[in-house]
Amino acid sequence: MKRVVVLSGAGISAESGIKTFRDSGGLWEEYKIEDVATPKAWKDNPGLVLNFYNQRRKQVIEASPNAAHWALASLEDSFIVDVITQNIDDLHERAGSTQVLHLHGEIRKSRSTKDESLIYPIEGSHLDIGDFCKLGSQLRPHIVWFGEDVPAMEEAIALTMQADYFLVIGTSLAVYPAAGLIAYAPAYAEKFLIDPHPSIPAGENDLTIIRKPAGIGVPEIVTLMMNSYV
Ligand code: NAD
């Protein structure tokens, strides 16, 4: 079976009601990144950081996968599909995708501040001061903050290098190292960018640009792939 590698960003969840990073009126606009999504923010004001992610977690729990997530899950009938996502929501999994690598963490999980291998699912929407790991240390959101390493990057590169099809969906390609993944897709791979407002010019990185919202563009390309290449 041919291999499909997907790189998704906030845009794929936009039609599920989860604001993208740069949307006006989005949650991110009410906060400064450095106040809520950095190791220094956690050190200075953990309550504010927890509150920010509690709000976002509630939004994720209330959201449902959209046509783009469902279409990608259905691709697994005919292809080996690896989804590499910059998103911290779990909408790919809830649509049925079985191989999802989260580059920037998962909002519905917490992690020990003493031993980072201790990762727990969060029941409900709240993680609070005083929620401890089994070693007695405060739990933090299982999120990769700005300025932190992206431990899944090596695996993401290895997957990307095996792609026959590389689908980039709903990302401004502004956050590194994730944005650099495109360079690792083989020359022979067919590469598409599905985004209504792509941030890169046509032809760059060999990407065919589909200027549509994910909920329309992804099902279309999935249908084409299923019909043409099976
Ligand atoms: P971004 O906000 O920088 O870019 C979003 C992209 O999505 C833009 O290019 C925009 O044109 C596009 N877009 C908007 N609506 C779309 C739609 N309906 N269909 C397809 N594309 C659409 O987001 P990013 O590139 O993912 O990077 C920002 C960072 O913010 C990431 O690290 C990510 O972890 C984080 N983030 C995650 C979520 C989430 O988990 N759902 C939400 C917001 C931000």
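Atoms within a ligand are numbered from 1 in the order they appear, just like the ligands themselves.
The structure places CG of Leu48 at 6.5 Å from CG of Asp35, a figure rounded to the nearest 0.5 Å.
Across Arg108, His102, Lys109, a single residue satisfies side chain to side chain contact (heavy atoms under 4.5 Å, CB included) together with His142, and that is Lys109. Residue Phe166 is tested with Lys191, Glu190, Arg3 for a side chain to side chain contact (heavy atoms under 4.5 Å, CB included); the sole match is Lys191.
Ligand 1 has no nitrogen or oxygen under 3.5 angstrom from a nitrogen or oxygen of Ile18. Every N/O-N/O distance between Ile12 and ligand 1 stays at or above 3.5 Å. Polar contact with ligand 1: present for Asp89 (N/O pair, distance under 3.5 Å). Considering backbone and side-chain N/O atoms, Ile88 comes within less than 3.5 Å of an N/O atom of ligand 1. When only interatomic distances are considered, the shortest N/O to N/O separation between Ala214 and ligand 1 falls below 3.5 Å. Looking at Ser172 next to ligand 1, an N or O pair under 3.5 Å apart turns up.
Aromatic rings of Tyr165 and Phe79 (six-membered ring for Trp) have centroids within the 6.0 Å cut-off, being under it.
Note on ligand 1: Pro196 sits in its first shell, one or more heavy atoms being nearer than 4.0 Å.
At a heavy-atom distance under 4.0 Å, only side-chain atoms of Glu15, from C-beta outward, approach ligand 1. Of all the heavy atoms of Arg56, the ones lying under 4.0 Å from any atom of ligand 1 belong exclusively to the side chain.
Remark: Glu116 CD is loosely packed, at most 12 non-hydrogen atoms of other residues, nucleotides or ligands lying under 6.0 Å away.
Side-chain atoms of Gln86 and Ser8 form no donor-acceptor pair, as typed in the model, at a separation below 3.5 Å.
In terms of heavy atoms, Ala37 sits closest to Tyr53 at CB-OH, 3.6 Å.
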